[in-house]
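One structure is given here, and the rest of the page talks about it.
Here is how names work: the chains are called A, B, and so on, in the same order as the sequence lines, proteins then strands, and each is numbered from 1. This is a predicted model, so every value here is computed, not measured.
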Amino acid sequence: MARFNFQAIEKKWQQEWEKKKIFVVSEKKGKKKFYVLEMFPYPSAYGLHMGHAFNYTIGDIYARFMRMQGYNVLYPMGYDSLGLPAENAAIKEKIHPKKYTDRAISNFIKQQKGLGISYDWSRLVMTHDLSYYKWDQWIFLQMFKKGIAYRKKAPVNYCPRCKTVLANEQVINGKCWRHEDTEVEIKQLEQWFFKITKYASELYDKIDKLKDWPEDIKLMQKYWIGKSHGVDIDFEIEDKDINCVVVHGVNKKDKEKLARGEPPQNERHWIPWIKKQLEKKGIKTEAPLMPNNWNPKYNDWKKEFKNLNINENSVLIGHSGGGGFLIRWLGETKKRIKKLILIAPAIAYAKEKTPFEDLLRFKIDNKIKENIGEIIIFVSNNENESIRKSVRIISEKLDVPPTTLKDKGHFLEKHMGTQEFPELLKEVISRKKWPIFTTRADTIFGVTFMVISAQHPELPELVKGTKQEKEVMSFVSKLRGIKQEDIDKMDKEGVFIGKYAINPINNEKVPVYVGNFVLAEYGSGMVMAVPAHDQRDFEFAKKYKIPIRVVIQPKKDKKLSEKTMKQAYVDYGILVNSGKFNKMTSEKAIIEISKSLQQKNKGKHTIQYKLKDWLISRQRYWGTPIPIIYCDKCGIVPVPEKDLPIKLPEKVKFGKGNPLETVKTWIKVKCPKCKKDAKRETDTMDTFVNSSWYFLRYCDPKNKNKIFDKKKVKYWMPIDQYIGGKEHATGHLIYFRFYTKFLRDLGLLNIDEPTLKLFNQGVLHGPDGRKMSKSYGNVVLPEEVSKKYGIDTARLFLVSMASPDKDLKWGDKGVEGSLRFINRVMGYFTKLKFGKSDPRLESKLNKTIKEVTQDIKEFRYNLAVIKIRKLFDYFTEIDKKTAEAFLKMLHPFCPHITEELWHQWNKTFISLESWPKYNEKKINLAFEKEEEIQEKLKQDIRQIVKILGTRPKGIYVYVIPKELKVYNPKELEKEFNCKVDFQTSNKITYDPKKKAKKAKPGKPAIYIE
RNA sequence: GCGGGAGUGUCGGAGUGGUCAAACGAGCAGGACUUAAGAUCCUGUGGGUUAGUCCCUGCGCAGGUUCGAAUCCUGUCUCCCGCACCA
């Protein structure tokens, strides 16, 4: 039991610190800053337990240590206070989430203050505070502007118990992260996403720059982002679903000629002719009608174009200047189309004075590419200079290499009136390019079928109208009813979809299947199947009796044969059955085959990531409202910044589905664009959004006009030491990196990473050995520990048991050891009268300061504590300087008692004192050595005395001459209560048992009577 | 299946190529103090051998590299964590 009234001491100093605001900081020029941060907690109604205390103690020790080292330390605390438990409480206990949350927070604050943590409470940040989530909404709007926040229909993880969509990170083994017994369902819903994949490469590559992150976290992130190098190879599938093909520009005369079926005589006439040819081949076409005098201006042309029915299934064909017009038009209208075919396109039409730059500025940017499924450029190898230049510029800008058709002279001179070109065009139009991703381009000759994912959104369109449509769709819907987890366990299954794909390396036709084992979200959702060299494809081929073709032979082992293979050979080897690539190694073939495909414009080196876009929509109340309005006329309209924040309505009904949908008055809103009636988005954001930037708000927590002041953030950021649990490795710790990069690109930050130093504390287990958690009922509460032992004891115990990055178990027995030490310290210092120091004490002190400083810096708290204890054990008579240095070193671990003891003779706060400095010159290792020898001698004597079983009458120690001064006979005489006679080994006066000859350096001989 | 981490006294854990494995704490044992208990203080605490020193043996198991291995390598067993049909 405690001998001192620790609770009174704790309370006294906690109040003093708060009253004098000693931990409140501001930006100070000329003082080095240090930002220490623990991951802020979700304020649970259950309050905090020793597990939390462990986390905060680790941070507090560091913050106090750095403060004493002279840094301007920013050490704030806040609450991730939006989230499901508050809402669930609303349903169960009929208490409003806000009330629940506010109550939980005030309880947390009280508890944290009770731990003596040195937070700057003036910077408190709470995410459920309107003044905080306003800026979540503001960031969302910036993301919306930049196309990072977007909406799409997607198969989503839906938890029927939470009644909400879950992020991938919240699905654990097919089950909800909050409900271990609840299967996650797959639903197709329109959802909001953050395009985190835009930053995939940077998020991946910069992991290596996170020098002071634990290696395992870095590996987990790398694996999660999942970078693989490979090739996108363009296979093609027949595509009948083309709405219309528009060949631009037909005038009235052309129309008449066309009616008579006459072949064209010049360029102008060629266009209607090709239209006719395509119609003959069953492709419906449309074309704008141009005035009789063929002298088109872009604006006239555009007017005609407006009347055409152009949609996502359209293929647009433009020739010469018409091609340029099409590019410009697509850029302006942002129309989505299936395919754009440019035939010898020209940027400027001869009669229209459109400077190249003007047109480029207009529309040839990457944005039009996003709206076009595929772009094909044809050119003949003998065009005139003007066309050649245009084609070069356009294909560079669009990053599409032109397909050159060999002939002499102008494109049309050769192709006009022939049947080959319409045939070629038809093929190009009616085939759908389908790139597939592979890391094994070397196996491409072994492709015997293709497999498309059953969840692929374009699959229904692909099979529409085929004989197999019914069978395919019933297979798909059968899978839809099955839980993802069970699909994972199922055998490979599939159905032929009635289509064939063309292998670009050898033009072979291979059947396309739909399969249950292909991921829709990875790559293009379709794979080339090489049964001989991929285990999944092998199983599938065996089941459906699809041919297997070996194209890789092992370098050493026996040759493979299709008939005897029992499983796929997946290793690298030597190519066979692969045309001109035979005899190459896989490594070389991957490069050569990629090159060859690239030359044909059928393949491209690609990097694929496993990382998926971040689904942020939640059908829940207690989250940040998404600042979007849906208007029948204007579509998706972002809330204007001046209308922020969108406040959560307080009066809602809980129970069924999304409570926000029950507040009709809140949903109803005027469209900011057209002022007509519109509706608010009722989804709220994932709470990981809130925690992705809170560390920035701490730098300027009360700013009403801006998210934060750039200068203040520049002063404090990056976080110099971040502390938190491993469980956030692939969640929060990726998201906050993503946010940092996005805000940097907005120009608000000048750093790439939020922190370069991360420390993962271990998990605290309860006395029963399981993770300390309310649900296991094994929580130990800080208040109780404080009452029994004092909180300083608890803090000391938490960090002295083991290295703080390791898991540890709370046991009451162990705490008592820490209490004993603290009691001794208190007892010693309250009675202390300063004496003198001596060189041995000084040596010990300086060595301890040196080592403890280094240990704390590197989070070896356990070792630091041991060294501080050892120093204390050495104390008998000490001077003021030593006493103060000792208290200072103990202070980060035990702030209250050290503050109390310090004030016995000081008026300042030890919390603000400077860390003791050591003097290397005063460290004398010989002292230590001597003490060790003396100690060893004592042990030896004790051992012999014990074996003798009688009290010694006289002890004779034989030492080598120069070691004589090392020993302290008085100390020995005191302990053994008899005469202790030291004799040097070269001058022996008494040695009845001839022991003296055993004396060695550092090991004296002994004789006891 | 893939990736990562860990196996050291009775227990929690230090030590990751070198003059000493088990620091420090807990437990246990003995002693001091006390009428007694508790608290406190002192001492001991892997095994064998020995009046201490010396020596042998010990870091999951089995090998190997080295003048020298708890530490590096190979195989193997057990436990923990993360990912998981990623083409």
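Of the C1' atoms belonging to C83(B) and C28(B), the separation is 45 Å, rounded to the nearest Å. The C1' atoms of U49(B) and C54(B) are separated by 10 Å, rounded to the nearest whole Å. Across C56(B) and G60(B), the matching C1' atoms stand 23 Å from one another, rounded to whole Å.
Remark: side-chain polar atoms of N516(A) are paired, donor with acceptor, to backbone N or O of D491(A) under 3.5 angstrom. Not one N or O on the side chain of D234(A) forms a donor-acceptor pair closer than 3.5 Å with the backbone of G603(A). Counting only distance, with no hydrogens or angles, the side chain of D807(A) and the backbone of V763(A) share a donor-acceptor pair below 3.5 Å. For S453(A) (side chain) and V518(A) (main-chain N/O), a donor-acceptor pair under 3.5 Å exists by modelled atom type. With hydrogens and angles disregarded, no donor-acceptor distance shorter than 3.5 Å links the side chain of H728(A) to the backbone of L733(A).
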Quick test: give all pairs of protein nitrogen or oxygen and nucleotides 21-24 of chain B nitrogen or oxygen below 3.5 Å, distance rounded to 0.1 Å.
residue : atom : partner : partner atom : Å
A23(B)  : O2'  : K870(A) : NZ           : 3.1

For nucleotides 5-8 of chain B, list the nitrogen or oxygen atoms of the protein found under 3.5 Å from its nitrogen or oxygen atoms, one pair per line.
none

What N/O pairs connect the protein and nucleotides 72-75 of chain B at under 3.5 Å? Give each pair on its own line.
none

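The CD1-C1' distance, from I225(A) to C83(B), rounds to 14 Å in whole Å. For the pair E851(A) CD and A14(B) C1', the interatomic distance rounds to 14 Å; values are reported in whole Å. At whole-Å resolution of the value, NZ in K492(A) and P in A87(B) are 15 Å apart. Across the protein-nucleic acid pair, K726(A) atom NZ and C83(B) atom C1' stand 14 Å apart, rounded to whole Å. Taking atom CE of M490(A) as the reference point, atom P of C85(B) lies 14 Å away to the nearest angstrom. To the nearest angstrom, P of A39(B) lies 16 Å from CZ of F4(A). Atom-to-atom, CG of L479(A) to P of C85(B) comes out at 15 Å; the value is rounded to the nearest Å. Note: CZ (R820(A)) to C1' (G27(B)) measures 10 Å, nearest angstrom.
Below the 3.5 angstrom threshold, one finds no donor paired with an acceptor across the side chain of R440(A) and the base of A87(B).
Residue-level contact check: V518(A) touches the bases, meaning some heavy atom is under 4.0 Å from a base atom. Among the heavy atoms of the strands, none lies under 4.0 Å from S818(A). Within 4.0 Å (heavy atoms only), K610(A) reaches at least one base atom of the nucleic acid. G226(A) comes within contact range of no nucleotide atom at all, as no heavy-atom separation falls under 4.0 Å.
Under the 4.0 Å criterion applied to side-chain N and carboxylate O atoms, K610(A) and E521(A) are not assigned as salt-bridge partners. Remark: E851(A) engages K847(A) in a salt bridge, criterion side-chain N to carboxylate O under 4.0 Å.
Exactly one of S524(A), P435(A), P504(A) qualifies for a side chain to side chain contact (heavy atoms under 4.5 Å, CB included) with F235(A). That residue is P504(A).
Ring geometry for F829(A) versus F886(A): interplanar angle under 30°, hence parallel rather than tilted (30 to 60°).
Side-chain contact between T197(A) and Y609(A): absent, with no pair of heavy atoms (C-beta onward) separated by less than 4.5 Å.
Nearer the 5' end of RNA chain B, as judged by each residue's closest nucleotide, is the contact made by M220(A), out of F517(A) and M220(A). Nearer the 5' end of RNA chain B, as judged by each residue's closest nucleotide, is the contact made by K809(A), out of K809(A) and D491(A).
Between R860(A) and A14(B) there is no side-chain polar atom (N or O) within less than 4.0 angstrom of OP1 or OP2. The side chain of Y223(A) places no N or O atom within less than 4.0 Å of a non-bridging phosphate oxygen (OP1 or OP2) of C2(B).
By the ring-ring contact (aromatic ring centres under 6.0 Å, His included) test, Y204(A) is found to be paired with no residue, residues two or more places apart in sequence or in another chain being considered. With sequence neighbours excluded, no residue forms a side chain to side chain contact (heavy atoms under 4.5 Å, CB included) with E727(A). For K857(A), there are no salt bridge (charged side-chain N to carboxylate O under 4.0 Å, His left out) partners, not counting sequence neighbours.
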